[in-house]
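Written out below as structure tokens is the structure these notes cover.
Quick caveat, the model's predicted, so the values are computed rather than measured. Naming convention: chains lettered A, B, ... in sequence-line order (proteins, then strands); numbering from 1 in each chain.
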Amino acid sequence: MKNPYQPQKFEKKWQEYWERNKTYRSKNISGFKNKEKQYVLAMFPYPSGAGLHVGHVRNYTGTDVLARFFRMSGRVVLHPMGWDAFGLPAENAAVKAKVNPMDMVPGHIETFKKQMKSLGFSYDWDREFATIEPKYYRFTQWLFIQFFKMGLLYKRNAPINYCPKCKTGLAEEEVLADGTHERCGHKIVKKDLPQWIFRITEYAERLLSDLEGLDWPEGILAMQRNWIGKKEGINIDYKIVDGEVRHRDFLSTSPPKGGSPKSLTKNQVSSLPAIDTITCFTTRPDTNFGATFIVVAPEHPFVKKIIGGELKSKEADVKKIREYVEKAASKSEMERQAEGRKKTGVFTGFYAVNNLNGRKMPIWVSDFALMNFGTGAVVGVPGHDIRDFEFAHEFGIEVIRVVKGKDGDVSSITKVEQVQEEEGTMINSGFLDGMDIHKATVKVMDWFEEKGDGKRVVSYHLRDWIFSRQRYWGEPIPMVYCEKCAKEGKSYFDTEEGKRFVNENSNIIGGRVDEVKEGLKGWFPLSEKDLPLELPYLKSYEPPESGESPLSQVEDFVKTKCPNCGSEAKRETDTMPNWAGSCWYFLAFPFWNKDVDSARPIFATRESHPASQGHLESEKTVHASLSKRVSSSPNMSMKDEWLANKNLSEDWTPVDWYLGGAEHAVLHLLYSRFWVKVLYDMRLLDFKEPFLRLRNQGMVLAEDHRKMSKSFGNVINPDDVVKEYGADALRVYEMFMAPFNAEIPWSTKALQGSFRFVKRVWEIFDGYRSKESTVEVKEDKKLVSKLNKIVKKITSDIPQIKFNTPIASMMEFMNDWEVSNRKNSAQSLTVENAKKFLKVLAPFAPFIAEEVWQEVFKEKESIHLSSWPEVGSISADEEVAIPVQVNGKYRATLTVPFEKADNKDEIEKLALADERVKRYIEGKKHKTVYVKSKIINFVVLKD
RNA sequence: GGGUGAGUGCUGGAAUGGCAUACAGGUUAGUCUCAAAAACUAAUGGUCUUUACGACCGUGAGGGUUCGACUCCCUCCUCACCCACCA
């Protein structure tokens, strides 16, 4: 008789039904402007061999609940899924498995896809793609070329972070604080290699200011601001003199060991025989009267001049300086870390002259000055900067107080604890004396600028973005280097096309062309008709020891003709980082459609890339693979193609809801924002920010509160959970376990609660199964009123990304419903109201909802395409509970009909009649506070 | 050092100015069973007393605002995450 809950019996059926009926296809791309659109996107996964993690499940379920809710609410929803399939992790896994990633990754994608389908995520699978499909990266490469033409890419030898284990260069961001590679944990070393570098710093200001309008978590915004690191300050030029300078009043004997040199007059300073100048960046020029030394980074050009012998000083120990610089270069982050804040350094033998007071300040080299921030030179004010004090203290440099401390403290500073970094009043500072530090800052900046010794500047922490990877598994960079053209000093920007491009885009690159050209002699982008430049199928693709890309070993790949002069030339052999594919994938979903191009292979399969038997692929097959073009419109320029796609996408973009882990707080989100801004500038997009709302999901830890990891043996496989409890129970549990953004350990025990809930849902709806056409119903008005309340709550909670509380309220409702049914010995809800409950459950538990909808209630169209229930109005005969307080302390509860709630006098009378209230009030003066339908409070007044 | 967030039963958590501990897990007792599991029922913050429509205490600590504070403000403590020799 009883029909037990067996999700395994029907989940597969509905999976296939949804797929067959394309239930979740995003409807007709145009003509929905009257309806609010919602582009709901989860950060697409890198399909690892391990399959879906329960953390993925949490993220995708939340996103799915949101998409389903919007879909039922009559919004036009785009909810796609794709694969971030290029990149190091896949390549490393393939190396380990001794296969080509091309042979391995598709299998992983299939696994992921199967798992996602088993969990009932409502993706429009027609829009699926992987970043490794030539048809997709054809555009990735084209975009690279556009950025190149925009002058936003340059090629330079750069000391890059190099992982000896992965044999590849890394971006700064991929190196952990302890100096190890984030992927493999190996120690990073520095290596000089030619790199393609993005001028992302050109966009620093806009990347910062456009954060303003975004509905993102405060923490992520703060991290982006912090990463961009805007600082407003001043660059001050100091004249450099050597120890030989013995001006009349400029007598300092042995400066490194302190002493108190006499000041020069302004005229004397300006007449000094300076041998050079050095520029220091500072945000605190107000303290400059207290500056007593200067520190330059080991990589600073001034130091190179000394080592190179260009600058000579009797006081300089060049050997010692050279040793220090070499040591600093070889020092790993780890070693630096180990040293802590202990200051090291060497005197350069030169002095800078403090413009303000003529003080002769020794110039030191120290690794605490960083070449990549400010100017690479710091002016040391030991009295008012802890780090400067530590340095001065270590080497016996004089400390001067120029700001009064708390309580007017003007004592001399001899200990770190006394260093005064806070606000205060200026002293010992000539024309600044008596001002507060902010006034003094403005005043002294004006002074420097007037004299021409300084210039207000803005400095950013953001560095240019190293884009080359010396690896196999990435999009080949579509550039060619021609030695002949290089010798002739020609670059792309000297070609007819290049000139035309610059002309057309002069508003953006105009003024910079000469600077941009300089480093790019001999470099030409591939012609559009040669895109995509496919990644050849290589049997052996491990990076050579040289650190160069594996593609550099494939002669047939390297050898090509110069697109400019036609002579022998070489291809770029570096590949793009996996950020490339993820930088614009959200732009592709809106126009990507398998229906339009059903014959399109997921990506170049093995059949199209027969592997050679040898170490490297044979000439013939490389050639074959390179000549195989995936071009959909041979007569259309790619720009026109892009614009056509853009027209298709316009109604969808930008992304309304972007859900994913906080680990992408800086990199992926910053890079995507950067690309979108450039595309906007090129008029290839109409919006400036890709993701309007961002929400983070918290990590799912293992039951032992550690990260899930194979090596700990604490991994929960979602497939096992689905097999035992069904997808709905897993989905409900992952939404119920904690607030969406909270980190939370997995608990199989707690999962039981959600499983029981789903089972009870099944049982209660089973009561509506009947051979006869009618089921006995005795409607429970109170229950209906409760139903209205939870529908209202769920409707407002879901768009606030609150998924745990809707489930709690549904559980609560189930408890009441069961009790009511039992009391009634009949159904307490009409079929209509039962369906209402089923609908609000549907986004969370789509399988059981569909099964009941179609099998019990005999509906013909999917519940997921039905409309979200209206929140019913509260009927007059409903009752409200009003708590009664005396002096703010709860004493009793009144239950009154809804219509009476308006009547304060009556409520008060009723409350005062209650024994529990009476005893505190009787015979005492009181006043009454009544908040309608909420609470009544009696305040006993003292006489 | 900087930034962001958080501190509520045995556990995950709910309540964002109005009945603190909803909902779920766990535990205890009971029903059913030869037994176990499942399921169901009940209890479950602390202290006290005259043991009930009972009192008092109770949301990291202390203070404030308010008729009323987990919620708002101030001071402090603790934890987590991110960044960090950033001039």
Legend entry - Nucleotide of A24(B), C67(B), C86(B) approaching V929(A) most closely (side-chain heavy atoms): C67(B)
Inset, instruction - Report yes if some heavy atom in the side chain of F736(A) is under 4.5 Å from a heavy atom in the side chain of F844(A); otherwise report no. - result: no
Legend entry - Aromatic plane relationship, F813(A) with W817(A) - under 30° parallel, 30 to 60° tilted, over 60° perpendicular: tilted
Legend entry - Given A24(B), C67(B), U4(B), the nucleotide with the shortest approach to the side chain of A222(A): U4(B)
Inset, instruction - Could you tell me whether the phosphate oxygens of A87(B), OP1 or OP2, come under 4.0 Å of any side-chain nitrogen or oxygen in K231(A)? - result: yes
Legend entry - For atom CZ of F938(A) and atom P of U66(B), their distance in whole Å: 22 Å
Legend entry - Distance in angstrom units between K934(A) NZ and C19(B) P, rounded: 9 Å
Legend entry - N-glycosidic conformation, C53(B) - syn within 90 degrees of 0, else anti: syn
Legend entry - Close side-chain approach of P382(A) to F391(A), heavy-atom, < 4.5 Å: no
Inset, instruction - With heavy atoms under 4.0 Å as the rule, sort N815(A) into base, sugar-phosphate or nothing. - result: sugar-phosphate
Legend entry - Stems involving RNA chain B, each a run of at least 3 consecutive Watson-Crick or G-U pairs under 3.5 Å: B:1-7 with B:77-83, B:10-12 with B:23-25, B:26-31 with B:39-44, B:45-48 with B:54-57, B:60-64 with B:72-76
Legend entry - Nucleotide nearest R760(A) (side chain, heavy atoms from C-beta), chosen from C40(B), A87(B), C23(B): C40(B)
Legend entry - Nearest-Å distance once atom P is located in both U75(B) and A20(B): 29 Å
Legend entry - Nearest-nucleotide comparison on RNA chain B, the residue closer to the 5′ end among Y460(A) and G219(A): G219(A)
Legend entry - Among C23(B), G13(B), C56(B), the nucleotide that comes nearest once only the side chain of A738(A) is considered: G13(B)
Inset, instruction - State the syn/anti category of G54(B) according to its glycosidic angle, syn meaning within 90° of 0. - result: anti
Legend entry - Donor-acceptor pair present, E218(A) side chain and G5(B) base, under 3.5 Å: no
Inset, instruction - Answer yes or no: does a side-chain N or O of R284(A) lie under 4.0 Å from OP1 or OP2 of A87(B)? - result: no
Inset, instruction - Assign each of K802(A) and D914(A) to its nearest nucleotide of RNA chain B by heavy atoms, then name whichever residue's nucleotide is nearer the 5' end. - result: K802(A)
Inset, instruction - Establish, from distance only, whether the side-chain atoms of T928(A) and E908(A) form a donor-acceptor pair under 3.5 Å. - result: yes
Give the table of side-chain donor-acceptor pairs shorter than 3.5 Å for residues 285-297 of chain A, with sequence neighbours excluded, one pair per line with atom names and distance.
{"residue": "D286(A)", "atom": "OD1", "partner": "R284(A)", "partner atom": "NE", "Å": "3.1"}
{"residue": "D286(A)", "atom": "OD1", "partner": "T441(A)", "partner atom": "OG1", "Å": "3.4"}
{"residue": "D286(A)", "atom": "OD2", "partner": "R284(A)", "partner atom": "NE", "Å": "3.2"}
{"residue": "D286(A)", "atom": "OD2", "partner": "R284(A)", "partner atom": "NH2", "Å": "3.1"}
{"residue": "T287(A)", "atom": "OG1", "partner": "R284(A)", "partner atom": "O", "Å": "2.9"}
{"residue": "N288(A)", "atom": "OD1", "partner": "Y238(A)", "partner atom": "OH", "Å": "3.0"}
{"residue": "N288(A)", "atom": "ND2", "partner": "Y238(A)", "partner atom": "OH", "Å": "3.2"}
{"residue": "T292(A)", "atom": "OG1", "partner": "E398(A)", "partner atom": "O", "Å": "2.9"}

Inset, instruction - Respond yes when some side-chain nitrogen or oxygen of R225(A) is under 4.0 Å from OP1 or OP2 of U4(B), and no when none is. - result: no
Inset, instruction - Name the closest nucleotide to the L370(A) side chain, picking from A55(B), A87(B), G13(B). - result: A87(B)
Inset, instruction - Please state whether the phosphate of A22(B), meaning OP1 or OP2, lies under 4.0 angstrom from any side-chain nitrogen or oxygen of N804(A). - result: no
Legend entry - Nearest-angstrom distance, P atom, G1(B) to C67(B): 41 Å
Legend entry - For atom CG of D385(A) and atom C1' of A84(B), their distance in whole Å: 14 Å
Inset, instruction - For C70(B) versus A15(B), give the span between their C1' atoms, rounded off to a whole number of Å. - result: 8 Å
Inset, instruction - Indicate yes or no for a side-chain donor-acceptor contact from D453(A) to the backbone of D237(A) under 3.5 Å, with no hydrogens or angles considered. - result: no
Legend entry - NZ or CZ of R387(A) within 45° of F368(A) ring axis and under 6.0 Å: no
Legend entry - Any Y920(A) side-chain nitrogen or oxygen under 4.0 Å from OP1 or OP2 of A55(B): yes
Inset, instruction - Looking only at side-chain atoms of I744(A), point me to the closest of G12(B), C85(B), C83(B). - result: G12(B)
Legend entry - F755(A) and Y5(A) aromatic ring geometry - parallel, tilted or perpendicular at 30°/60° bounds: tilted
Legend entry - Between G17(B) and C72(B) - P atom distance, rounded Å: 8 Å
Inset, instruction - Report yes if a side-chain nitrogen or oxygen of R387(A) is closer than 4.0 Å to either non-bridging phosphate oxygen (OP1 or OP2) of C86(B); otherwise report no. - result: yes
Legend entry - Evaluation steps, side-chain contact (heavy atoms from CB on, under 4.5 Å), between L214(A) and F691(A): CA-CA 8 Å; L214(A) 296 178; F691(A) 314 115; over 6 Å; no
Legend entry - Any R822(A) side-chain nitrogen or oxygen under 4.0 Å from OP1 or OP2 of U41(B): yes
Legend entry - Integer angstrom distance from the P of A69(B) to that of G63(B): 14 Å
